[in-house]
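Have a look at the structure below, then the notes.
Sequence positions, counted from 1, serve as the residue numbers for this chain. In each ligand, atom 1 is the first atom listed, and ligand 1 is the first ligand listed. Model, not experiment: these values are computed from the prediction.
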Amino acid sequence: MFVFWSVFLGLLAITYFLIYKYVTRNFSFWKNRKIFYIKPTPFFGNLLPVFTMKTTIGDLIMDFYKRTEDDYFGIFVLDRPVLVVRSPKLAKNIMLKDFASFHNRVITTSDKDPILSNMLFFNKRSMWKVIRAKLTPVFTSGKLKAMLPVIIQESEALKSYIDGKLLGVPNVETKEVCGKYSTNLIALTAFGVDAKCFENENAEFRAIGKAIWETSFSNAVRQLGSNFFPGLINTFGISFVSGKLIKQMKSIINSVINTRNQLNQNKGNDLIDILRGMDGANMSNDMILAQAVQFFVAGFDTISSTMSFTLYELAMNQDIQDKLRLEIKENLEANHGVTYDGYNEIKYLDMVISEALRKYPVLPFLERECTSTYKFEGTDLVVEKGQAVYISTFGMQYDEKYFPDPERFDPERFCDKNEINKEGFYFTPFGEGPRICIGNRYGLMAVKVGLIAILSRFRVIRSSKTPEKITFEPKSFLVQASGGIPLQFAPL
Ligand code: HEM
């Protein structure tokens, strides 16, 4: 018996030793290159606080960002070394100037899912280039102008909804209200479908949208896994969004396309018309459907998140809210309502939203994969093909150097937008370079028109459960407020 246990424990110790050696095999990577790095923990690298849900990935990388003044530093995502860039100039080289060496994202989704893996967001270089060129015409100025009446119509519905159901009610979950508006918008402008989110609390589009981004354990596994365990994601066929939800969306979009095909209908070149035109252009049906699903997944939550964070800051800063309302009212009077050229002239609105996006960017960090051996300009640093590079959006947008007193909500920082990012990229709420958010102008238009509707009719105020300071939800890959954004809408 003694011999058995001795052999057993010996084998156990050797196995543990070999596994330990394996998972820590890369841990001298940054030390060997004489690059400042954060000391890793076996098995987790530097991500233990994220896996134990003690903090968010954005807060964690920002915390690391603050520990050095160097232009870049190293971390470990499990056993993989990842370079984090702090210098705006190097960030600009990666995202724009030397895009040819950084054209892919690291984030992945299982290639067993033909819809998600074909989305522009996840596409790798050659396919990305083709699809991006096909989708760009959806967002020309002419197309955006044509979408404005629909957006105004939905912003009126948003006003009526607040007027009829929410006025004076304490602790209204503002992200949900904005989510109804943004879901209606995407469904109408992209698919020509009336999602009826204001009329029906259980509207199908809204239910799907909530399930995609709700902060559940399974979504945390999908979203964090897609970022940090690309290998496992593929081996186990785990997709970024649950297969059931993808199937539901696929069926809605398929039926819209079929109806249009049968009736030979063209709704004036909306997304569905553009996608129908792609048929036969070397694109499979799944590739086409993927782009439609993506517009929904990427569009509604980003819009409602930006709107609700902006409203939170306006509730906390009544003087800024008053100043903004005055500018909105003057603009509406001068233009007899919301017009395409008119709303774009409300400079203070743009400044307020920029400041909200600085404090609450949708993605807390940007990432690229190095696709060919690359030497960083002005340094000895060479990164190899396959190396992951992160840019800490949170770190830079809360850096005293670029934004003094960063916790303060101060739209005046954006008074002269030409000064921002002049020498390099440190304000990147929509990303930058050729992979910049394709929906950024549409997203901003939706946010602005929605805010104009709300602020011209209501005062947004704090309620009993409104937090003094927003904290972020560790289970979410996107920047989301833990505990939501409870506010109150009051009459003017
Ligand atoms: C306020 C609203 C929005 C914000 C803050 C936002 C933010 C972002 C960010 C940070 C990225 C990553 C860019 C990079 O890596 O450089 C991105 C990519 C993307 N966004 Fe948005 N987004 C918004 C609205 C939208 C909307 C409305 C749509 C679609 C209708 C959309 C579709 C996309 C797509 C398809 C990509 C991937 C682009 C590519 O890889 O070429 N976004 N967005």
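Scanning the protein heavy atoms around atom 10 (C) of ligand 1, the nearest turns out to be P429 O, 3.2 Å. Scanning the protein heavy atoms around atom 34 (C) of ligand 1, the nearest turns out to be I438 CG2, 3.8 Å. Looking from atom 36 (C) of ligand 1 to the surrounding protein, the closest heavy atom is F121 CD1, 3.8 Å. Protein heavy atom in closest approach to atom 17 (C) of ligand 1: C437 CB, 3.5 Å. Remark: minimum distance from atom 28 (C) of ligand 1 to any protein heavy atom is reached at G439 CA, 3.8 Å. The protein non-hydrogen atom at the shortest distance from atom 12 (C) of ligand 1 is R105 NH2, 3.6 Å. Atom 26 (C) of ligand 1 has G299 CA, 3.7 Å as its closest protein atom, hydrogens excluded (heavy atom only). Among protein heavy atoms, the minimum distance from atom 32 (C) of ligand 1 is reached at A298 CB, 3.6 Å.
Only side-chain heavy atoms of V362 come within less than 4.0 Å of ligand 1; its backbone N, CA, C and O stay farther off. Here M307 has no heavy atoms under 4.0 Å from ligand 1, in either its backbone or its side chain. Of all the heavy atoms of S305, none lies under 4.0 Å from any atom of ligand 1, so neither backbone nor side chain is involved. Residue contacts with ligand 1 for E432 involve N, CA, C or O but no side-chain atom from C-beta outward (heavy atoms, distance under 4.0 Å).
For ligand 1, the atoms closer than 4.0 angstrom to any heavy atom of G431 are 10 (C), 13 (C), 14 (C), 16 (O). The atoms of ligand 1 that sit less than 4.0 Å from any heavy atom of T306 are 1 (C). The ligand atoms of ligand 1 that sit less than 4.0 angstrom from a heavy atom of W128 are 39 (C), 40 (O), 41 (O). Shown in contact with R132 at under 4.0 Å from a heavy atom are these atoms of ligand 1, numbered in order with element: 38 (C), 39 (C), 41 (O).
Remark: side-chain polar atoms of E313 are not paired, donor with acceptor, to backbone N or O of A356 under 3.5 angstrom. Proximity of a side-chain donor or acceptor of R358 to a complementary backbone N or O of P406 within less than 3.5 Å is detected. For T466 (side chain) and P486 (main-chain N/O), a donor-acceptor pair under 3.5 Å exists by modelled atom type. No donor-acceptor pair closer than 3.5 Å links the side chain of E355 to the backbone N or O of P411.
Considering NZ of K250 and OG of S255, their distance stands at 13.5 Å, rounded to 0.5 Å. In this structure, F409 CZ and N317 CG are separated by 6.5 Å, a value rounded to the nearest 0.5 Å. Atom NZ of residue K210 and atom CG of residue D301 lie 12.0 Å apart, to the nearest 0.5 angstrom. Note that CD of E412 is 5.5 Å distant from SG of C415, once rounded to the nearest 0.5 Å.
Residue M119 places no heavy atom under 4.0 Å from ligand 1. The closest approach between a heavy atom of F300 and any atom of ligand 1 is not below 4.0 Å. Residue contacts with ligand 1 leave out E367, since none of its heavy atoms falls under 4.0 Å from the ligand. In this structure, N440 has no heavy atom closer than 4.0 Å to ligand 1.
Side-chain contact of S141 with R441: a donor-acceptor pair under 3.5 Å is present, judged by distance alone.
Looking at ligand 1, you won't find any N or O of Q294 less than 3.5 Å from one of its N or O atoms. Considering both main-chain and side-chain atoms, Y442 never comes within under 3.5 Å of ligand 1 through any nitrogen or oxygen pair.
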### Message
Run I391 and E432 through side-chain contact (heavy atoms from CB on, under 4.5 Å) and show every step you take.
### Response
CA-CA 11 Å; I391 293 150; E432 267 297 351; over 6 Å; no

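Taking the side chain as every heavy atom from C-beta outward, L363 and L478 approach each other to under 4.5 Å.
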